[in-house]
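None of these values were measured; they are calculated from a predicted model.
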Amino acid sequence: MKLRKAAAVTLAGAFTAVGLLAQPATATSGDNSRAWVTGGTIHNYCAVGDFCLYTGMLYSGRVYGLPNCTDYALHEWNGVGSWKNNQTPDSYNTDAQFKNAGGTVIGYGWLQYGAEPAVNLTPVYYVRPCG
């Protein structure tokens with residue numbers, strides 16, 4: 001358990017360094033009302049086996065399930081959202097990758113059952129659930 005906590009702290013520092021981790025106390029809700037994901041499936045909840053993106057903070061707004069090991073293109077994500085990694089040992093069981101417009105990895109969604117309630121998704125153009 002201590003290892004997971006240390007990994008989360010390290011990840012938070014890495015996300016902050018590249019501008020992905022939002023500060024919930026000061027974050028103003030960007031306009032993700034028109035946000036969408038090429039190939040993503042809209043759900044009412046984050047299905048088992050999926051990596052999920054939410055258009056709002058604290059797992060609110062539309063939920064996009066990303067079930068396959070491929071790069072998903074994000075469109076019109078202009079602010080703070082959130083994510084959950086609901087992959088199982090039977091799915092990919094790896095960290096998701098967040099990529100910029102050039103396809104360079106700029107952050108990670110940690111392994112299986114990880115989550116982040118407030119993330120600036122503006123610099124993210126692609127998400128690959130299977131790292």
Side-chain angles (χ1 to χ4, degrees):
M1 193 56 77
K2 285 186 179 182
L3 181 61
R4 172 67 82 182
K5 191 172 191 177
V9 170
T10 302
L11 181 65
F15 270 23
T16 300
V18 297
L20 286 178
L21 185 64
Q23 302 301 321
T26 60
T28 57
S29 180
D31 184 8
N32 287 330
S33 64
R34 294 175 27 185
W36 57 285
V37 180
T38 300
T41 305
I42 297 177
H43 294 296
N44 292 325
Y45 59 91
C46 188
V48 173
D50 283 0
F51 181 86
C52 296
L53 292 174
Y54 295 78
T55 57
M57 292 191 309
L58 301 172
Y59 320 109
S60 64
R62 283 186 314 284
V63 183
Y64 288 92
L66 312 179
N68 300 314
C69 185
T70 189
D71 283 355
Y72 289 90
L74 278 59
H75 306 276
E76 299 190 51
W77 291 75
N78 299 313
V80 178
S82 47
W83 60 262
K84 285 185 182 177
N85 191 346
N86 208 16
Q87 297 180 84
T88 65
D90 295 331
S91 54
Y92 301 112
N93 199 23
T94 60
D95 295 343
Q97 296 176 339
F98 295 96
K99 300 179 180 183
N100 65 13
T104 302
V105 176
I106 57 173
Y108 293 91
W110 61 86
L111 183 65
Q112 185 179 1
Y113 307 122
E116 185 59 59
V119 177
N120 178 11
L121 293 167
T122 304
V124 180
Y125 284 74
Y126 303 97
V127 174
R128 183 175 187 87
C130 57

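Contact annotation: the side chain of Met57 never approaches that of Pro117 to less than 4.5 Å [non-hydrogen atoms, C-beta and beyond]. Considering only heavy atoms from C-beta on, Leu53 comes within 4.5 Å of Leu74 through its side chain.
Distance OG1/Thr104 to CD/Gln97: 11.0 Å, rounded to 0.5 Å. The CG atom of Asn85 sits 7.5 Å away from atom CG of Asp95, with the distance rounded to the nearest 0.5 Å. Separation of atoms NZ (Lys99) and CD1 (Ile106) is listed at 11.0 Å; rounding is to 0.5 Å. In this structure, CG in Leu66 is found 9.0 Å from CD in Gln87, a value given to the nearest 0.5 Å.
Side-chain atoms of Trp77 come within 3.5 Å of backbone N or O of Trp36 as a donor-acceptor pair. The closest donor-acceptor contact from the side chain of Asn32 to the backbone of Asn78 lies under 3.5 Å. The backbone N or O of Ser33 sits nowhere less than 3.5 Å from a side-chain atom of Thr55 that would complete a donor-acceptor pair. When atom types are taken as modelled, the side chain of Thr122 and the backbone of Gly79 share a donor-acceptor pair closer than 3.5 angstrom.
Note on residues 102-111: no pairs pass salt bridge (Lys or Arg N to Asp or Glu O under 4.0 Å), not counting sequence neighbours.
Contact detail for Ala47 and Cys52: the closest heavy-atom pair is N-SG, 4.2 Å. Across all their heavy atoms, Ser60 and Ser82 have their closest contact at N-OG, 4.3 Å. The minimum heavy-atom distance between Pro129 and Phe51, with the atom names listed, is CB-CB, 3.8 Å.
Contacts of Lys84 classified as salt bridge (charged side-chain N to carboxylate O under 4.0 Å, His left out), with partners at least two apart in sequence or in another chain: none. Scanning for side chain to side chain donor-acceptor pair (under 3.5 Å) contacts around Tyr64 gives Arg62, with sequence neighbours left out. Applying the side chain to side chain contact (heavy atoms under 4.5 Å, CB included) rule to Thr70 yields the partners Asn68, Tyr72; only residues at least two apart in sequence or on another chain are considered. Taking the ring pair (Phe, Tyr, Trp, His ring centres under 6.0 Å) definition, one finds that Tyr59 meets it with Tyr54, sequence neighbours left out.
Residues Val119 and Val37 share a single hydrophobic cluster, defined by chaining ILVMFWY side chains whose heavy atoms lie under 4.5 Å apart.
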Please output the side-chain donor-acceptor pairs of residues 38-45 that fall under 3.5 Å, not counting sequence neighbours, one pair per line with the distance.
{"unit_1": "Thr38", "atom_1": "OG1", "unit_2": "His75", "atom_2": "NE2", "d": "2.6"}
{"unit_1": "His43", "atom_1": "NE2", "unit_2": "Asp50", "atom_2": "OD2", "d": "3.2"}

